[in-house]
Amino acid sequence: MVEILFYIFAAVALGGAIGVVFQRNPVGSLLFMVATLASLAGIFVLFEAHFLAAIQIIVYAGAIMVLFLFVIMLLNLGHDYRKDLKMGLGMILAFAVTGGIAGILVRQLGGAGTSAVEQALPGPEAMDQLIQEQGIIGSIARPLFTDYVVAFELTGLLLLVALVGAIAIAKRRV
Amino acid sequence: MTGLLDAMGYADWILHALIWLPLVGMAVVLLSPEERAKHVAFGWALGLFVLSLGLWWVFDPDGPLFQLTSMTEWIGAWGVTYALGMDGISLFMILLTTFTMPVAILGSFNYIRERQRAFYSLMLLLQVGIVGVFASMDLFLFYVFFELTLVPMYFIVGIWGGERRIYAAVKFFLYTALGSLLMLVGILYLYWQSNLAFGFASFHYFDLLGTPLTLTEQLWLFAAFALAFAIKVPLFPFHTWLPDAHVEAPTPGSVVLAAVLLKLGAYGFLRFVLPFFPEASAHPTVVLVMITLGVIGIIYAAWVAAVQPDAKKLVAYTSVAHMGFVVIGIFALTTNGLQGGLIVMISHGISTGALFLILGMLYERRHTREINDFGGIAKVAPLLATALVITAMASIGVPGTSGFVGEFLALLGTFERYPMLAFLAATGVIFAAYYMLPMVQTILFNPLDREENRTMEDLSGREIAVLSPLVGLMLLIGVLPGPILERMEPGVQAIIEWVDEGASGALLDAARDRGTEPGLGELPVRSELSELGTSALGTSTYDGTRRIHLFFRDEG
Amino acid sequence: MISLGFISAGSIQAGGAGGFDPLLPGLILLLPLLGFALNGALALVSGRRSADRVRNSIPEEDHTAGSVPLTHSLPTWIGPGVLLGAFVLTAINFVRLLGVELTEPVIRSYWSWMPTGTLSVDAAIQLDQLSMIMMMVITGVGFLIHVFSVGYMKEDPGYPRYFAYLNLFVFFMLVLVAGANFPVMFVGWEGVGLCSYLLIGFWFQDREKADAGKKAFIVNRVGDFGLLMAMFLLFATFGTLDYGAIFAAAPDTLLYGGGIVTAITLFLLLGAVGKSAQIPLYVWLPDAMAGPTPVSALIHAATMVTAGVYLVARASVLFALAPVSAAAVATIGALTALFAATIALKQYDIKKVLAYSTVSQLGFMFMGVGVGAYAAGVFHLMTHAFFKALLFLGAGAVIHSMHHALHSTHKDWDAQDMRNMGGLRRFMPITWITMWAATLAIAGIWPFAGFFSKDEIIWYVGTAGAFSGLYVVLWGIALAAAVLTAFYMTRMMIMTFHGPNRTGEPESRHLHEAPLNMTIPLGILAVLSVFGGWINVPGSVRESFFGGFGVLPMSDWLDRWLAPVTQSADAVRASQLGAYADVAPVGGGHVVWGAIATVMALVVVIVTARYFLSQPIQPAHEDGEPDRGIGKVLYNKWYVDELYDAIIVRPLIGVSRWCWRVIDRVLIDGTVNAVGSVSKGVGWFGSLFQTGQVNTYAFILALSALAVLGAFIF
Amino acid sequence: MLAEALILSAILFVIGMLGVLVRRNVIIMFLCIELMLNAVNLSFVALSRFIGIEGQIYVFFVMTVAAAEAAVGLAIIISIFRHYETVDVNNFNLLKW
């Protein structure tokens, strides 16, 4: 069951990703992206990362993608997108390079090495036990507010800076 | 005198003081008001000179080879030490530096009118670097000081120079930096080899001495070091930065450049190249190439100098010719040759410095450096004319002046081994007259047919004060070079023996006796350093005894 | 410390002083140096005052009238004064030396000059027969010329400077002859060259005069180069540069006629040729006449130019060991003697005639020392110093007078051109008489000084024919040159002093005899020119003519006096070559040829005098230059200056320019700049990838990632 | 399942990279970068299942940074658009001096 669901989500994610790249209409791309994000959220659930799946939907699909959409609409980019996709040599080169990288990555990750690594790792039982003890949220929140509290606070600062920066950059000169 | 100095503990602090006090002086100059900066700088430099005079008495010609030595750990993990010391050769180079500085500063009072604070503080910074080079006993420290001299000189040429100052400054910087970077590679290679051979890491001069190297390695390292120093000297054909730098540099810059900076190259040959790579330095082909280049430099530079319309450029080319004498003297590898080369260095420092000062004075009056713009100056400026004639004579080596002693000994030493090359080099004596006399004549003599020249002022009191010590020294060294020669002799002999007889002689003794030398007792013991070194570098064959590897002969 | 030692003691090095205890020898040298220092200081003071006048466009001070400033009155006493002191000291020592048999020179060493390694050169002076007689000539003639200069240079604004230079010259000249080793001698050698340079260019505002000084210095430097090389060779061979050690070791160390000694002596010869103005380096001396005339008398006739002869005599052992070099010395001397004499035939400038005459006479001296007659060479050096100094001083008096005369009416004639003179005998009788004495001396007429010295040289050249046919040829040349000497000297005297006066009526009223301080030196020198030759009358001559009368007190005195100096050279020559022939190549002995020479010279003098007295002579501006034939070539000095200019000077300048413009600027700097350009070019090439477009960067990034990944895998 | 997840992550990453290379619209390029970030997130989550909770924490941080980046990036795009009236990167070449 889990396997089947994984493959379904994977297929959707892949299809969405390809759509993002090759759909010339930006709004269309965006919608494909939402599809990808949603299916990734599904995969997160399959890996017992329920909290992340939730914020994947809320933050990514909900907030960030809407932001993108706003910008596209603000800039009125709904038309004249025919030349958006590079064709010819650029496309071939891009395919060649990315294809090469993909080949290497897939070959490495899909080989016997990964299974061996999987065997050597503690395995899902430890995680299951952790979630059992502390709950889904708690298992993330505890280290976040203890070991990683400085990083967490810095993230908050980063968001503030980004907020101020975005406003400062985007606003018209007065 | 000696008693007084001993009471002050002079020997313990003087080298440190000579290196770092200029830095303090730099701060003082920067804090003083703009219009007083030159006086403060002059006073400081003069004070340093007076301070350095004590070296003459402190240095014992019959004492150990290297004196006033001291050593402190600097970067322990790499075996870098802050080690100072000097032999007779360094002694006179340091004295020449401390002597030149106040003269150059005093000579620039009228020349430098803008950003005086910056200028004089850079001059003092330059002194830090130069004295540091001459006093370093650690190759790392040496390299730091060697490079440090580039920076102030770059700014001195680039900011206060003439019209093409940027070109000249960049050329000067890149040219010399290129050479010294190659040398850095050589230093590191030598360091690693020494580390492998002796089992501990150290940049100290004595620890690098006698590092076992194959002839091929020696030749490559020789090339790396020699390029750096040949550019600095400058040896033909690496000399073209010099005329540009000299022409564009302000007077004091030219003076220091000619008087001291060029000596760094020759000093490097003597102190490092010959002792580190004795086989390569004595290799017949290498010696032949070096001496031939020196000879070409002497003749070629003289010819080129003779047709220069620009007086400063002419004098710049004469520097190349003079330094050619130094190079042949060094590579003749005879005592007379080396001694002669050293005297030429000192003499060239004084006479060429004086020439640049005089040309600077002429420039201040007429705002031109074209030889043909002058004429008949001797009539309106008899003192200046006298100074120029004496200086020119010293420069072309008329007996009775310092130039003769140096050139004579250098040629004599070269002749002992390479008669034909010495023969060619000696023609430089003729060509020296061929370039110098027309300039002297055109500037000083001939009809006084220009109104601007007719109203020219003779030397002022300050200018007399600048030139008279230089002129006096030219004559004094010409007549009485004995005390200088005596003090340099042990150092020179040590180098010759080391190279000639296969890493032996006084230099070896000095290196061996280092631990028992006075002044070293309280400093970190070698074994401590070596532990640091071994822990960092992971090789440990060092057994704690002091030794210098002999790769020419087996000791046991 | 040093100065005290310099004056008083020093340390006696060599033994065998034989009871000769020199009195303050260092002071002899120090006195002129002191004079230089004092006069030099005065010169600077007066120079600055005169510079102020130039700046403010005030005319030069006129010292003939009114009060004379201290800077001009003191040198009058300091300049000749120190020379007198030096001369007196020298004379005292000379007299002391007369009484002793000195076999080894007395050496006074003052301090160690260049102590280094294997070389040890002391600042030492050496007193022996040769150096003492040279010092006598230098200080004696020098003193007379200093006195003469007081009158001659009085009005010159550079008066103190003049005496400063002159004193310095004497100092260096004394160092030259007194030095106990080659480097010390070289100090004097170059020092006199320097003073000569300064004095030739004394009136430096005249471009030609400054040029002449420069030329003298540079040409001399060629000779100095030879001397340097000789010193290096000597040091390489002997390991020392002291005279004593070298000359003592030479006969045993060096192979007779070997390559080393020949090289050494040829280099010494180059030095001598430069300093003594012989072919091919004589060109500077005629130009050197640009200096004040007393300078010409002192430096370019009496002392400095004879340094080459002194050098050969000093190194006589070496030359004796190198027959090729000795022959070269004699040959160069003979050729120069004849060549310079031919040029002198057609010169109109009175000083130029004397200059070429000097070159010619120096050629005679070279011949003498070349054939091993060292004493004869030194003898001629000495007598020549007397009569040539006299001739120059006389010429100076004439020029002085002519200058005043022409100046009085502002006539722009050349005061030195003999065609403008004529009949001066009436106005300047003392000068006239004394100069005739000198002329007869140089022409070689018995019993004047030149007869004994010159004919002795010619005699020795002839008798040296026993060694080689070359010397017979040289003998012929020497005779020819002697004849020419009589001719051109008589021509000069006639054109200057005899015939009608050509200066013009108003000017001639201003012609006058020189003042006493100028004529007294002339008189003394005239006496010396007449009797000076009697110190070395050959024994055979003395006995055959005057033995019974006792008119000539000494015979062969100089030969015997110098014997200790030249004995080892004589020994070498005697053992290797054998004895001189003792007859002239075509037969005839001493006495016969003495008579022949005198008669020949007398005949030439009389014939020439009659010829020129009968010739009408035009003043220079009407006469013009000879425009064809041999006369033109001689007038233009065989075009040697032009030749040197074309084959040496211009090519050298051309090569220098080429070196600068092509090698330095294009090749070396071009390479340097090319390296710079290459790095710029590489940078430019790299910038091609910097399109500024994000895709490109991204693409390169991806490509690099691929490369890195690939590198990990493969 | 780990291998499959990692392979999916790799492919998504590469597709994102392809998008950056072939698109000219700067907003879509930006979107593709987000895609690449998500691909990495997937790896983290997948591995965290077997190693420990830290992986998820990193993903949390990545998302935050992505949000900040999106905000600032889009602001810049707006600013650029005002100047050039286009979002075609071929017209932006100020990176070259």
Side-chain angles (χ1 to χ4, degrees), chain B residues 171 174-175 237 239-241 300 303-304 306-308 334-336 339 376 378-383 386 389 393 398-400 404-405 408-409 411-412 415-416 419 422-423 426-427 429-430 432-434 437-438 441 444-448 454-458 479-482 485-486 489 492-493, chain C residues 2 40 43-44 47-48 50-51 54-55 57 111-119 123 161 183 186-191 193-194 197-198 201 204-207 210-211 213-214 217-218 221-222 224-225 228-229 231-233 235-236 652-653 655-657 659-660 663-664 667-669 671-672 676:
Chain B
K171 196 170 176 180
L174 289 184
Y175 231 124
H239 64 277
T240 52
W241 63 271
Y300 171 88
W303 286 357
V304 175
V307 290
Q308 298 300 322
T334 56
T335 313
N336 292 337
Q339 291 269 40
K379 190 71 199 166
V380 286
L383 280 178
T386 310
V389 167
M393 291 305 144
V398 168
F404 171 72
V405 179
F408 179 77
L409 290 177
L411 286 171
L412 188 71
F415 189 88
E416 290 174 48
F423 174 84
T427 59
V429 168
I430 304 171
Y434 162 62
L437 291 187
Q441 183 192 346
L444 295 183
F445 307 146
N446 289 350
L448 184 59
R454 208 173 58 76
T455 51
M456 183 185 282
E457 290 291 326
D458 200 359
V479 176
L480 206 63
L485 290 170
E486 278 165 19
E489 180 119 1
V492 167
Q493 290 284 14
Chain C
I2 287 149
L44 286 178
R48 268 171 89 92
S50 137
V54 173
R55 264 193 291 280
S57 304
W111 71 88
S112 182
W113 183 26
M114 288 192 272
T116 162
T118 48
L119 176 72
R161 184 163 59 92
F186 192 68
V187 171
W189 190 270
E190 282 232 319
L194 170 66
Y197 163 72
L198 292 169
F204 55 79
Q205 300 230 291
D206 188 330
R207 196 181 296 271
D211 278 342
K214 182 177 71 184
F217 197 99
I218 293 178
R221 272 246 152 176
V222 178
D224 299 348
F225 157 74
L228 268 180
M229 290 308 298
M231 280 196 275
F232 298 154
L233 268 169
F235 182 71
L652 182 58
I653 293 178
V655 168
S656 303
R657 274 190 211 288
C659 278
W660 177 36
I663 296 188
D664 222 52
L667 283 181
I668 299 178
D669 241 8
T671 313
V672 172

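Only heavy atoms go into these numbers, but all of them, side chains included; no hydrogens, no water, no symmetry mates. Here is the naming used below: chain letters follow the sequence lines, and residue numbers restart at 1 for every chain.
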For residues C:Phe232 and B:Leu411, report the shortest heavy-atom separation together with the two atoms involved. CZ-CB, 3.2 Å
Among B:Gly376, B:Ala378, B:Ala306, which residue forms the greatest number of heavy-atom pairs with chain C at distances under 4.5 Å? B:Ala378
Under 4.5 Å to a heavy atom of chain B? For C:Val222 that would be both
Do B:Lys171 and C:Asp669 have side-chain heavy atoms sitting under 4.5 Å apart? yes
For a quick check under 3.5 Å, do B:Gln441 and C:Asp211 share a side-chain donor-acceptor pair by atom type? yes
Tell me the closest heavy-atom pair linking B:Val307 and C:Ser656, and the distance in Å. CG1-CB, 3.6 Å
Using atom types as modelled and distance alone, determine if a side-chain donor or acceptor of C:Arg48 lies under 3.5 Å from a backbone N or O of B:Ala381. no
Measuring from C:Met229:CE to B:Phe415:CZ, what's the distance to the nearest 0.5 Å? 4.5 Å
How long is the gap from OG1 on B:Thr240 to CG on C:Leu667, to the nearest 0.5 Å? 11.5 Å
What part of C:Ala210 gets within 4.5 angstrom of chain B, counting heavy atoms only: side chain, backbone, both, or neither? both
Scored by heavy-atom pairs under 4.5 Å with chain C, the best of B:Leu448, B:Leu444, B:Thr386, B:Thr334 is B:Leu448
Show your working on side chain to side chain contact (heavy atoms under 4.5 Å, CB included) between C:Ser112 and B:Glu486 and close with a plain yes or no. CA-CA 11 Å; C:Ser112 182; B:Glu486 278 165 19; 5.8 Å; no
Measure across B:Pro382 and C:Ala51 and return the closest heavy-atom pair with its distance rounded to 0.1 Å. CD-CB, 3.9 Å
Is there a side chain to side chain contact (heavy atoms under 4.5 Å, CB included) between B:His239 and C:Asp664? Walk through the geometry before answering. CA-CA 9 Å; B:His239 64 277; C:Asp664 222 52; 2.6 Å; yes
Quick check on the 6.0 Å ring-centre criterion: do C:Phe235 and B:Phe408 meet it? no
Pair count under 4.5 Å, heavy atoms only, with chain C: among B:Thr335, B:Thr455, B:Asn336, highest is B:Asn336
Most contact-rich option vs chain C, by heavy-atom pairs under 4.5 angstrom, among B:Gln339, B:Met393, B:Arg454, B:Met456, is B:Arg454
Interatomic distance, C:Met114 atom CE to B:Leu485 atom CG [nearest 0.5 angstrom]: 8.5 Å
In terms of heavy-atom pairs under 4.5 Å with chain C, the winner among B:Leu174, B:Val389, B:Thr427 is B:Thr427
So which heavy atom on B:Val398 is nearest to which on C:Glu190, and how close? CA-OE1, 3.5 Å
Between C:Arg55 (side chain only) and B:Val380 (backbone N and O only), is there a donor and an acceptor less than 3.5 Å apart? yes
Do you know which of C:Arg657, C:Arg161, C:Lys214, C:Met231 has the most heavy-atom pairs with chain B at a distance under 4.5 angstrom? C:Lys214
With side chain to side chain contact (heavy atoms under 4.5 Å, CB included) as the criterion, how do C:Ile653 and B:Tyr434 come out once you've worked through the C-alpha distance, each side chain's angles and the decisive distance to 0.1 Å? CA-CA 10 Å; C:Ile653 293 178; B:Tyr434 162 62; 3.7 Å; yes
Less than 6.0 Å separating the ring centroids of C:Phe225 and B:Phe423? yes
Under 4.5 Å from any heavy atom of chain B, what part of C:Thr118 do you find: side chain, backbone, both or neither? both
What I'd like to find out is whether the side chain of C:Trp660 reaches to under 4.5 Å of the side chain of B:Gln308, using heavy atoms alone. yes
Walk me through it: do C:Leu652 and B:Trp303 pass the test side chain to side chain contact (heavy atoms under 4.5 Å, CB included)? CA-CA 8 Å; C:Leu652 182 58; B:Trp303 286 357; 3.6 Å; yes
How many angstroms lie between CD in B:Glu416 and CG in C:Leu119, if you round to the nearest 0.5 Å? 8.5 Å
Minimum heavy-atom distance between B:Glu489 and C:Thr116, given as atom pair plus value: OE1-CA, 3.4 Å
Show the nearest heavy-atom pair for residues B:Val479 and C:Trp113, with the distance to one decimal. O-CD1, 3.1 Å
Taking side chain as everything from C-beta outward and backbone as N, CA, C, O, which of these in C:Leu228 sits under 4.5 Å from a heavy atom of chain B? Side chain, backbone, both or neither. side chain
Interface check, chain B: of C:Gly188, C:Ser57, C:Ala43, C:Gly40, most non-hydrogen pairs under 4.5 Å belong to C:Ser57
Give, as side chain, backbone, both or neither, the part of C:Leu233 having an atom under 4.5 angstrom from any heavy atom of chain B. both
Between atom CG of B:Asn446 and atom CZ of C:Arg207, what is the distance when rounded to the nearest 0.5 Å? 4.0 Å
Heavy-atom distances under 4.5 Å only: say whether C:Leu194 touches chain B with side chain, backbone, both or neither. side chain
